[in-house]
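One structure is given here, and the rest of the page talks about it.
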Amino acid sequence: MNYWLMKSEPNAFSIDDLAHRSDQTEPWDGVRNYQARNFMRDQMKVGDQVFFYHSNCDVPGIVGIMEVAGKSYPDPTAFDPHSKYFDPKSHPADPRWFLVDVKYCRHTRRIIPLAELKEHEPLEGMQLLRKGNRLSIMPVTKKQWDYILRLE
DNA sequence: GCCAACGTTGGC
DNA sequence: GCCAACGTTGGC
């Protein structure tokens with residue numbers, strides 16, 4: 001069992017949007033960063049636990065928990081000329097971008113703000129807290145996961 | 001292979 | 001809106 005954190009701008013796709021999907025499941029499409037892709041393509045397993053993080057908003061922070069719902073597969077938006085995520089360099093025979101489906105588990109009891117996470121010494125070294133970090137998908141250790149859940 | 005220019009992310 | 005950090009692109 002692995003643990004992850006995935007960012008989304010709530011203006012574009014929020015935890016509430018995910019919760020209201022009929023299946024409460026959504027393909028995490030549009031990721032165009034190789035490191036983030038590699039995590040999804042190579043390391044995410046069904047049942048892995050994921051923090052849903054809201055970025056670029058009034059109170060950036062962890063807002064909920066979801067899980068990996070399926071094995072990775074090529075991101076179809078890369079093949080679609082009408083998609084804003086279209087990438088002409090990605091071909092169905094040799095796909096460049098991959099994604100996983102994620103399923104809503106629950107909201108956290110409250111938003112756990114980024115500013116608060118920064119105050120906790122045991123979370124020092126978290127990739128999320130590194131200055132200038134722009135990675136949208138990153139691993140979380142079990143220790144960090146458990147510690148953060150106790151902050152709820 | 002180097003690196004300047006440029007675009008994007010995302011906190012503040 | 002500002003700007004630091006960082007990834008990508010493309011000329012050489």
Side-chain angles (χ1 to χ4, degrees), chain A residues 2-21 26-44 48-68 72-141 143-152:
Chain A
N2 294 315
Y3 299 89
W4 306 93
L5 180 145
M6 294 165 92
K7 297 179 185 173
S8 181
E9 302 189 12
N11 285 341
F13 186 74
S14 72
I15 181 84
D16 292 323
D17 293 328
L18 179 64
H20 291 123
R21 286 290 186 271
E26 182 77 359
W28 203 264
D29 58 19
V31 171
R32 296 294 179 265
N33 170 280
Y34 288 104
Q35 213 182 335
R37 176 206 66 181
N38 291 347
F39 287 140
M40 288 198 286
R41 188 188 60 184
D42 306 331
Q43 294 190 37
M44 285 192 177
D48 280 2
Q49 301 290 109
V50 185
F51 282 134
F52 196 126
Y53 178 92
H54 279 178
S55 65
N56 234 331
C57 54
D58 283 352
V59 184
I62 291 167
V63 295
I65 294 169
M66 50 191 177
E67 64 180 23
V68 177
S72 67
Y73 58 95
D75 183 342
T77 64
F79 309 134
D80 176 6
H82 301 297
S83 169
K84 63 175 172 176
Y85 301 126
F86 177 57
D87 180 356
K89 292 175 183 164
S90 185
H91 303 284
D94 182 21
R96 175 172 298 200
W97 304 113
F98 287 73
L99 55 72
V100 296
D101 290 349
V102 290
K103 185 177 174 61
Y104 174 83
C105 294
R106 63 178 180 89
H107 284 61
T108 44
R109 285 193 288 123
R110 63 185 184 93
I111 299 176
I112 306 170
L114 174 65
E116 185 179 329
L117 296 173
K118 286 177 176 173
E119 293 170 358
H120 289 268
E121 189 264 338
L123 298 179
E124 272 178 27
M126 248 191 114
Q127 211 157 345
L128 179 71
L129 306 182
R130 285 220 322 256
K131 190 177 181 188
N133 166 56
R134 298 187 311 166
L135 196 58
S136 66
I137 297 176
M138 66 194 78
V140 174
T141 68
K143 266 188 181 170
Q144 292 163 348
W145 180 274
D146 291 340
Y147 187 89
I148 290 168
L149 282 185
R150 287 197 293 272
L151 300 178
E152 261 192 286

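Order of the sequence lines fixes the chain letters, A, B, ..., with proteins taken first and strands second; residue numbering starts at 1 for each chain.
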Roughly how far, to the nearest 0.5 Å, is [atom2] of [Y] from [atom1] of [X]?
{"X": "A:W28", "Y": "A:F13", "atom1": "CH2", "atom2": "CZ", "result": "6.5 Å"}
{"X": "A:D75", "Y": "A:M40", "atom1": "CG", "atom2": "CE", "result": "7.5 Å"}
{"X": "A:I137", "Y": "A:Q127", "atom1": "CD1", "atom2": "CD", "result": "11.5 Å"}
{"X": "A:M66", "Y": "A:D48", "atom1": "CE", "atom2": "CG", "result": "11.5 Å"}
{"X": "A:F51", "Y": "A:I112", "atom1": "CZ", "atom2": "CD1", "result": "6.5 Å"}
{"X": "A:R32", "Y": "A:R37", "atom1": "CZ", "atom2": "CZ", "result": "10.5 Å"}

First and last nt of DNA chain B near chain A, cut-off under 4.0 Å to heavy atoms, 5' to 3', are B:dG7 to B:dC12
Below 4.0 angstrom, which residues in [range] have at least one non-hydrogen atom near DNA chain C?
{"range": "residues 6-13 of chain A", "answer": "none"}
{"range": "residues 113-133 of chain A", "answer": "A:K131, A:G132"}
{"range": "residues 85-96 of chain A", "answer": "A:K89"}

Using modelled atom types and a 3.5 Å cut-off, is there a donor and acceptor pairing between side-chain atoms of A:T108 and backbone atoms of A:I111? no
Among side-chain atoms of A:Y85 and A:D80, is any donor-acceptor pair under 3.5 angstrom? no
Filter on ring pair (Phe, Tyr, Trp, His ring centres under 6.0 Å), then keep only pairs touching residues 105-139 of chain A, sequence neighbours left out; what's left? A:Y104-A:H107, A:H120-A:Y147
Who passes ring pair (Phe, Tyr, Trp, His ring centres under 6.0 Å) against A:W4, sequence neighbours left out? A:F39
With a cut-off of 6.0 Å (strictly less than), are more than 12 heavy atoms of other residues, nucleotides or ligands near CG of A:D42? yes
DNA chain C nearest-nucleotide lookup for A:N56 and A:R32: closer to the 5′ end is A:N56
Please work out whether the ring planes of A:W145 and A:Y3 are parallel, tilted or perpendicular, with thresholds of 30° and 60°. tilted
